[in-house]
Amino acid sequence: MRGMVILIACLFMGSVLYAQDDLAFKGHDPKKDANLNPFINKEINPDSNQSISPSVNWNMNPLKENSVNPTLNPSINPMINLQLNPQSNDVLNPVIMKGLRPSTETWKGLFLFNDSNQLFGYISVATQNVMLSFDNSGTWNGYYVKAGRSMYNYFTLFGVWTGMFLCYDNQSGYNLFDKTGKWTHIHVK
């Protein structure tokens with residue numbers, strides 16, 4: 001009996017995620033709106049728009065600018081500033097704050113897309129300084145901490161900086177960069 005309840009709960013959670021994709025995804029789909037597609041809209045593509053590229057715009061590059069580097073700036077390091085750490089701050093923790101999970105019916109958030117504009121994951125805006133990251137099955141896998149006017153550093157669940165970071169595309173979302181400051185072709189809408 002317990003196994004049946006777990007199976008039904010899993011099926012229900014999956015159907016909620018798929019239903020959300022159909023409903024909430026409409027205003028966020030780069031396949032249907034060329035303005036949201038960085039491979040068509042060159043203004044939101046950091047390879048063609050230097051002003052949103054951390055390889056040129058150093059104030060949004062944690063490898064070049066100490067104020068946005070969490071290893072050098074303790075105020076944006078969630079291992080030191082526990083108000084930014086979902087493991088220490090219940091308001092940011094989706095295990096406690098269930099409304100932050102993309103599997104809830106009332107969830108509103110952002111979507112991660114890969115280089116083929118396929119859904120890659122979800123982002124919940126917990127506060128103006130912290131966004132939570134979930135994979136495409138809705139599993140919490142890390143979080144982003146605001147580090148400047150237009151960027152967020154990406155941390156593991158345990159608060160370790162991955163070296164990766166999001167930069168605002170100046171229009172509709174963010175682009176994800178790797179440790180070297182190279183665009184991963186993952187984008188957020």
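Bear in mind the structure is a predicted one, so any value in this text is a computation, not a measurement.
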Residues V130, F155; criterion side-chain contact (heavy atoms from CB on, under 4.5 Å); working and verdict: CA-CA 10 Å; V130 178; F155 295 87; over 6 Å; no
Which pairs would a plain distance check flag for residues 142-153, meaning a side-chain donor or acceptor within less than 3.5 Å of a matching protein atom at least two apart in sequence or in another chain?
| residue | atom | partner | partner atom | Å |
| --- | --- | --- | --- | --- |
| Y152 | OH | Q128 | O | 3.1 |
| N153 | OD1 | W161 | NE1 | 3.3 |
| N153 | ND2 | V68 | O | 2.9 |

Cluster overlap M164 with I186, hydrophobic side-chain contacts below 4.5 Å: yes
Cluster overlap V125 with Y168, hydrophobic side-chain contacts below 4.5 Å: yes
Gap between atom OG of S53 and atom CH2 of W183 - 0.5 Å precision: 10.5 Å
Non-hydrogen side-chain atoms of N114 and H185 separated by less than 4.5 Å: no
Spacing of S48 atom OG and E43 atom CD [to the nearest 0.5 Å]: 7.5 Å
Trace of the side-chain contact (heavy atoms from CB on, under 4.5 Å) decision for T162 with T156: CA-CA 7 Å; T162 64; T156 67; 3.9 Å; yes
Same apolar cluster: Y174 and I40, side chain cutoff 4.5 Å: no
Beyond-backbone contact of L112 with I123, side-chain heavy atoms, under 4.5 angstrom: yes
Mutual orientation of the aromatic rings belonging to F111 and F113 [parallel < 30°, tilted 30-60°, perpendicular > 60°]: tilted
Between SG on residue C167 and CG on residue N61, distance to nearest 0.5 Å: 7.5 Å
Heavy-atom closest pair, residues N117 and K31: O-CE, 3.4 Å
Main-chain N/O of Q87 paired with N93 side-chain donor or acceptor, under 3.5 Å: no
Atom pair CG/CG of L110 and L166 - distance to nearest 0.5 Å: 9.5 Å
Qualifying residue, where the test is ring pair (Phe, Tyr, Trp, His ring centres under 6.0 Å) with Y122 and the options are W140, W107, F134: W107
G181 versus F165, closest heavy-atom pair with distance: CA-CZ, 4.0 Å
Same cluster (ILVMFWY, side-chain, under 4.5 Å), L157 and Y154: no
Steps toward side-chain hydrogen bond (donor to acceptor under 3.5 Å, both in side chains) verdict (Q83, N129): CA-CA 10 Å; Q83 289 299 311; N129 294 318; over 6 Å; no
Distance, nearest 0.5 Å, that separates CG of N73 from CD of E65: 9.5 Å
Under 3.5 Å donor-acceptor, S116 side chain and Q118 backbone: no
Test of ring centre spacing under 6.0 Å for F39 and H187: yes
Qualifying salt bridge (Lys or Arg N to Asp or Glu O under 4.0 Å) pairs, either residue in residues 165-179, two or more places apart: D169-K189
Cluster overlap L84 with M79, hydrophobic side-chain contacts below 4.5 Å: no
Interatomic distance, N77 atom CG to T71 atom OG1 [nearest 0.5 angstrom]: 8.0 Å
Non-hydrogen side-chain atoms of L176 and V188 separated by less than 4.5 Å: no
Worked check of side-chain hydrogen bond (donor to acceptor under 3.5 Å, both in side chains) between D135 and S137: CA-CA 5 Å; D135 67 18; S137 67; 2.7 Å; yes
Identified side chain to side chain contact (heavy atoms under 4.5 Å, CB included) partner of N49 from the options I52, D47, N45: I52
Minimal non-hydrogen separation, P46 against I44, with atom names: CD-O, 3.6 Å
For L36 against S172, the heavy-atom pair lying closest together: CD2-CB, 3.4 Å
Closest heavy-atom pair and its distance - P86, L132: CG-CD2, 3.9 Å
